[in-house]
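Please read the structure below before turning to the comments.
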Amino acid sequence: AGRALRHYFDCSDALSASFSGQPDQQRQRIEGRLVPLDKFLSKCPEHMRGREYLAGLTNELFIIQKRMADVLDGFAKIDNCIGQLGEATPDFHRLVNELNAIATSDKYHAAVRGYARKYIEPCSALAACQDAVNDEREGVKEMDFDEVLNLERVVQLPDKMLCALHPRLSDHRNRLE
């Protein structure tokens with residue numbers, strides 16, 4: 001019972017802790033708590049289920065285990081989205097849409113939504129820059145130089161600190177500079 005309570009409080013703390021926008025730290029902490037919890041639950045449930053006073057705690061541990069796994073899956077989904085930045089010319093609009101879907105969905109844990117929000121602003125700014133460059137490129141291709149000159153768009157690159165979140169964001173910003 002003591003170990004079960006310790007796992008319950010450690011895992012609850014890892015899920016609820018705020019790391020000031022540092023999802024990697026939260027991911028490491030959740031992974032660090034999930035492995036021992038998995039091991040504990042794989043060995044102990046049959047002993048705990050026989051004791052009625054531990055049934056509620058056992059159920060709560062299984063719920064926390066699922067929530068922790070869901071958070072890690074959410075982080076992996078975002079990492080998969082961010083993996084699109086490895087392409088030579090990623091579709092920033094699609095990336096922003098995918099991140100927005102995660103950031104606004106109640107099905108994801110707050111830590112996962114916060115991790116997604118972290119990338120939305122720089123990706124949105126890069127999408128706008130990419131649009132401006134593409135418009136100018138099309139105008140030059142069609143030899144419509146007056147239109148290109150009339151666009152008068154000033155490309156607003158995202159802040160360097162925002163792009164420092166991920167090396168690929170910095171690479172794309174530097175290409176547009």
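Everything numeric here is computed off the predicted structure, so don't read it as measured data.
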Where do Asp13 and Arg33 land on the salt bridge (Lys or Arg N to Asp or Glu O under 4.0 Å) test, with the steps shown first?
CA-CA 10 Å; Asp13 182 50; Arg33 301 296 194 283; 5.2 Å; no

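- Distance CD/Glu87 to CZ/Phe92: 9.5 Å, rounded to 0.5 Å.
- Side chain of Ser105 to main chain of Ile102: no donor-acceptor pair is present (N/O by atom type, distance under 3.5 Å, no hydrogens or angles).
- A donor-acceptor pair is defined here as one N or O able to donate and one able to accept, closer than 3.5 Å; such a pair exists between the side chain of Gln130 and the backbone of Pro90.
- Under a cut-off of 6.0 angstrom, the local environment of CD in Gln84 is crowded, with over 12 non-hydrogen atoms contributed by other residues, nucleotides or ligands.
- The SG atom of Cys123 lies 11.0 Å from the NE2 atom of His93; values are rounded to the nearest 0.5 Å.
- The hydrophobic clustering, which links ILVMFWY residues whose side-chain heavy atoms are closer than 4.5 Å, places Phe9 and Leu34 together.
- The OG1 atom of Thr104 lies 10.5 Å from the CG atom of Leu99; values are rounded to the nearest 0.5 Å.
- A 6.0 Å sphere centred on CZ of Arg117 holds more than 12 heavy atoms belonging to other residues, nucleotides or ligands.
- Here the side chains of Glu31 and Val35 are not in contact, with every heavy-atom distance at 4.5 Å or above.
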So Asp73 and Lys77, side chain to side chain contact (heavy atoms under 4.5 Å, CB included) or not? Walk me through it.
CA-CA 6 Å; Asp73 287 343; Lys77 185 172 184 169; over 6 Å; no

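- The main-chain N or O of Ala76 is never found under 3.5 Å from a side-chain atom of Asn80 such that the two would form a donor-acceptor pair.
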Mind running side chain to side chain contact (heavy atoms under 4.5 Å, CB included) on Tyr115 and Gln26 for me, showing each step along the way?
CA-CA 10 Å; Tyr115 188 34; Gln26 189 159 13; over 6 Å; no

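- To the nearest 0.5 angstrom, Gln65 atom CD is 5.0 Å from Leu41 atom CG.
- Between the CG atom in Leu5 and the OH atom in Tyr8 there is a gap of 9.0 Å [rounded to 0.5 Å].
- Across Ala14 and Ile30, no two heavy atoms sit closer than the pair O-CG1, 3.9 Å.
- Across Arg113 and Ala103, no two heavy atoms sit closer than the pair CD-O, 3.3 Å.
- At least one donor-acceptor pair under 3.5 Å links the side chain of His109 to the backbone N or O of Leu15.
- The aromatic rings of Phe40 and His7 lie tilted to each other, with the angle between the two planes from 30° to 60°.
- Expressed to the nearest 0.5 Å, how far CD1 of Ile82 lies from OH of Tyr119 amounts to 5.5 Å.
- Side-chain contact check for Leu85 versus Leu95: some heavy-atom pair is nearer than 4.5 Å.
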